[in-house]
Number of protein chains: 2
Amino acid sequence: MAAQRGQRNGVGVTPPAPTAAEITTPIPRVTEVPAARERARAIPEAAVARLAVYLRVLSGMQEHGSGTVSSEELAAAAGVNSAKLRKDLSYIGSYGTRGVGYEVAVLIEEIERILGLTRKHSVAVVGIGNLGHALANYGGFPGRGFPVTALFDVDPDLVGVPVGGLPVGHIDDIARVCAEREVSIGVIATPPPAAQAVCDRLVSAGVQCILNFAPVVLQVPDHVEVRKVDLAVELQVLSFHVARRADNAAVLAEANGRAANGRAVDGMVVS
Amino acid sequence: MAAQRGQRNGVGVTPPAPTAAEITTPIPRVTEVPAARERARAIPEAAVARLAVYLRVLSGMQEHGSGTVSSEELAAAAGVNSAKLRKDLSYIGSYGTRGVGYEVAVLIEEIERILGLTRKHSVAVVGIGNLGHALANYGGFPGRGFPVTALFDVDPDLVGVPVGGLPVGHIDDIARVCAEREVSIGVIATPPPAAQAVCDRLVSAGVQCILNFAPVVLQVPDHVEVRKVDLAVELQVLSFHVARRADNAAVLAEANGRAANGRAVDGMVVS
DNA sequence: GCCTGTGAACGGCTTCACAGCG
DNA sequence: CGCTGTGAAGCCGTTCACAGGC
């Protein structure tokens with residue numbers, strides 16, 4: 001995956017072009033917790049994403065009645081190695097028992113706390129086409145905690161039509177409706193040309209987190225967090241691997257032909 | 001986001017536990033191109049994903065009639081810094097002109113070549129629910145080059161029904177149909193419990209690249225490439241940022257209260 | 001003079017390996 | 001003795017800064 005992250009906006013880094021705010025505000029204000037005082041906020045983004053995966057695996061284990069897991073078991077189920085898993089868990093605290101493992105219920109609780117899943121996050125979906133429909137019908141979104149509370153589109157024929165039990169609103173009402181329903185996450189599922197404008201509207205409406213399905217690089221202020229899901233990119237990355245595989249196969253055929261008599265390098269089934 | 005990648009299976013690295021193949025195969029076969037001989041295969045995965053983004057931006061520029069771009073312009077449009085862009089492009093060769101920039105047409109061609117987009121990649125979608133419908137209707141998939149040539153589901157009511165102009169096939173025919181239509185990419189859009197079984201079937205059918213939308217960690221052989229798109233994870237990562245923001249805001253309110261008289265750290269609008 | 005291409009420095013994530021504790 | 005928790009090492013991707021050409 002692939003997340004869209006802006007420049008790291010580290011404190012003290014000179015930005016390419018100073019923003020208006022920086023020029024016109026003579027008295028700076030503390031806007032980032034000083035490194036010394038950061039309260040374990042040092043969880044790598046990659047680890048955060050994995051924590052979400054562990055959480056899902058743990059939920060499955062809890063349903064199957066497991067009370068305890070070792071790092072080895074959990075790691076296998078999550079598709080990572082156990083050292084990485086233990087490191088990831090160590091970022092959120094020490095909730096395991098040496099010689100035994102982790103209590104499933106405890107881990108679930110702690111991960112949910114860290115991920116902020118104890119509070120509900122109201123979601124708005126903008127763009128009720130094929131994808132928007134699918135998203136709206138997900139119904140409450142994965143694992144609960146992300147209720148879809150607003151749908152928007154420009155098409156007048158769609159406005160008012162209920163999708164997934166929720167009537168579609170007109171895009172011009174974004175600001176008002178998002179404020180009323182305290183939307184904290186905006187999902188953009190519009191055609192590419194509309195995406196930036198929709199994004200701007202969401203941002204002015206106070207939405208600070210955006211999940212973007214449109215194949216467009218969104219420009220947003222520093223305080224807004226964007227993650228993107230880009231089908232074209234995913235397919236093209238896979239395409240790259242297909243091509244690489246084909247190339248390697250060609251080279252390997254040749255290599256194996258040449259070095260047919262002696263041992264070569266190392267073995268691994270390639271089909 | 002976030003790609004699912006197995007252990008790096010580097011040549012010469014002792015695996016945690018030797019596989020059956022390694023134990024029972026006395027004569028190893030070359031299955032990976034030796035480091036010395038690798039033909040610029042050293043493109044970081046992250047760079048590959050960005051190349052796909054550059055490609056899209058470049059296509060837009062070409063339509064708007066631009067013949068040339070500087071690294072600065074292209075980088076801005078793609079949302080990265082220019083150093084990274086130049087580094088990424090350097091992985092595929094030296095196609096720029098010093099003092100001038102890059103020719104749009106040339107870059108497009110070279111990136112397409114590297115990404116393997118000169119050949120078509122036939123796509124099969126499995127699981128024709130909400131999401132599957134949306135994917136099938138994308139019609140030919142982004143930017144051409146990824147024609148959807150097969151749809152599958154278990155539901156007998158769906159089999160035979162045309163979706164996006166293509167009749168849905170039964171899941172039991174995966175192997176035959178994928179072979180016939182030379183499917184190189186399988187897309188899994190099934191409910192979670194079915195995902196692993198579908199994946200296994202795709203793999204036995206010879207599909208080596210999988211795009212997984214099901215919230216499940218797929219277990220696949222080493223030679224199969226899996227990328228996953230995980231809505232729950234994306235939302236939970238955003239949730240984490242919401243929570244972090246809230247925490248910081250609390251701490252900052254306190255900090256600004258305390259240090260109200262003197263300058264603090266550095267400025268940046270936080271809303 | 002300007003912009004590309006890239007070695008080198010840097011930083012952050014991953015892996016290792018073992019101390020620490022139940 | 002087993003498994004967690006973690007400093008340290010290693011590795012890889014990003015950023016810097018400037019040499020190299022046009």
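So that the names make sense, note that chain A is the first sequence line, chain B the second, and so on, each numbered from 1. Since this is a predicted model, take the numbers as computed values, not measurements.
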So, OP1 or OP2 of [N]: does either fall under 4.0 Å of a side-chain N or O from [X]?
X	N	value
B/Tyr91	D/dC12	no
A/Asn81	C/dT15	yes
A/Lys87	C/dT14	no
B/Ser71	C/dT4	yes

Nucleotide N/O of nucleotides 19-22 of chain D paired with protein N/O under 3.5 Å:
residue: D/dG20; atom: N3; partner: B/Arg98; partner atom: NH1; Å: 2.8

Inset, instruction - Under the side chain to side chain donor-acceptor pair (under 3.5 Å) rule, collect the residues that match up with A/Arg113, sequence neighbours excluded. - result: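 In terms of side chain to side chain donor-acceptor pair (under 3.5 Å), with neighbours along the sequence ignored, A/Arg113 is linked to A/Tyr95, A/Glu110.
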Legend entry - Any residue meeting side chain to side chain donor-acceptor pair (under 3.5 Å) with B/Ser184, in chain and number order, not counting sequence neighbours: none
Legend entry - Any residue meeting side chain to side chain contact (heavy atoms under 4.5 Å, CB included) with A/Ser70, in chain and number order, not counting sequence neighbours: A/Glu72, A/Glu73
Legend entry - Pairing residues for A/Val203 by the side chain to side chain contact (heavy atoms under 4.5 Å, CB included) criterion, not counting sequence neighbours: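 A/Val203 satisfies side chain to side chain contact (heavy atoms under 4.5 Å, CB included) with A/Cys199, A/Ile210, A/Pro221, A/Val224 once adjacent residues are dropped.
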Which one, [options], comes nearest to the side chain of [X]?
X	options	value
B/Ala83	C/dT14, D/dC16, C/dG5	D/dC16
B/Ser70	C/dT4, C/dG5, C/dT14	C/dT4
A/Ala46	C/dT4, C/dT6, C/dC13	C/dC13
A/Arg86	C/dG5, C/dT14, C/dC18	C/dC18

Figure out the [atom1]/[atom2] separation between [X] and [N], and round it to whole Å.
X	N	atom1	atom2	value
B/Leu89	D/dG13	CG	P	17 Å
B/Ile92	C/dT6	CD1	P	12 Å
B/Lys84	C/dG12	NZ	P	13 Å
B/Glu103	C/dT4	CD	P	13 Å
A/Leu85	C/dC16	CG	C1'	16 Å
B/Glu45	C/dC13	CD	C1'	16 Å
A/Glu72	C/dC16	CD	P	12 Å
A/Tyr95	D/dG5	OH	C1'	14 Å

Legend entry - Sub-4.5 Å side-chain heavy-atom contact between B/His121 and A/Leu238: no
Contacts under 3.5 angstrom, residues 53-61 of chain A side chains, donor-acceptor by atom type, not counting sequence neighbours:
residue: A/Tyr54; atom: OH; partner: A/Asp88; partner atom: OD2; Å: 2.6
residue: A/Arg56; atom: NE; partner: B/Pro215; partner atom: O; Å: 3.1
residue: A/Arg56; atom: NH1; partner: B/Asp230; partner atom: OD1; Å: 3.3
residue: A/Arg56; atom: NH1; partner: B/Asp230; partner atom: OD2; Å: 3.3
residue: A/Arg56; atom: NH2; partner: B/Asp230; partner atom: OD2; Å: 2.3
residue: A/Ser59; atom: OG; partner: A/Leu55; partner atom: O; Å: 2.9

Legend entry - Exercise: identify the closest heavy-atom pair between A/Glu45 and B/His241: OE1-NE2, 3.1 Å
Inset, instruction - Between A/Asp88 and B/Ser94, name the one whose nearest nucleotide on DNA chain C is closer to the 5' end. - result: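 It is B/Ser94 whose nearest nucleotide is closer to the 5' end.
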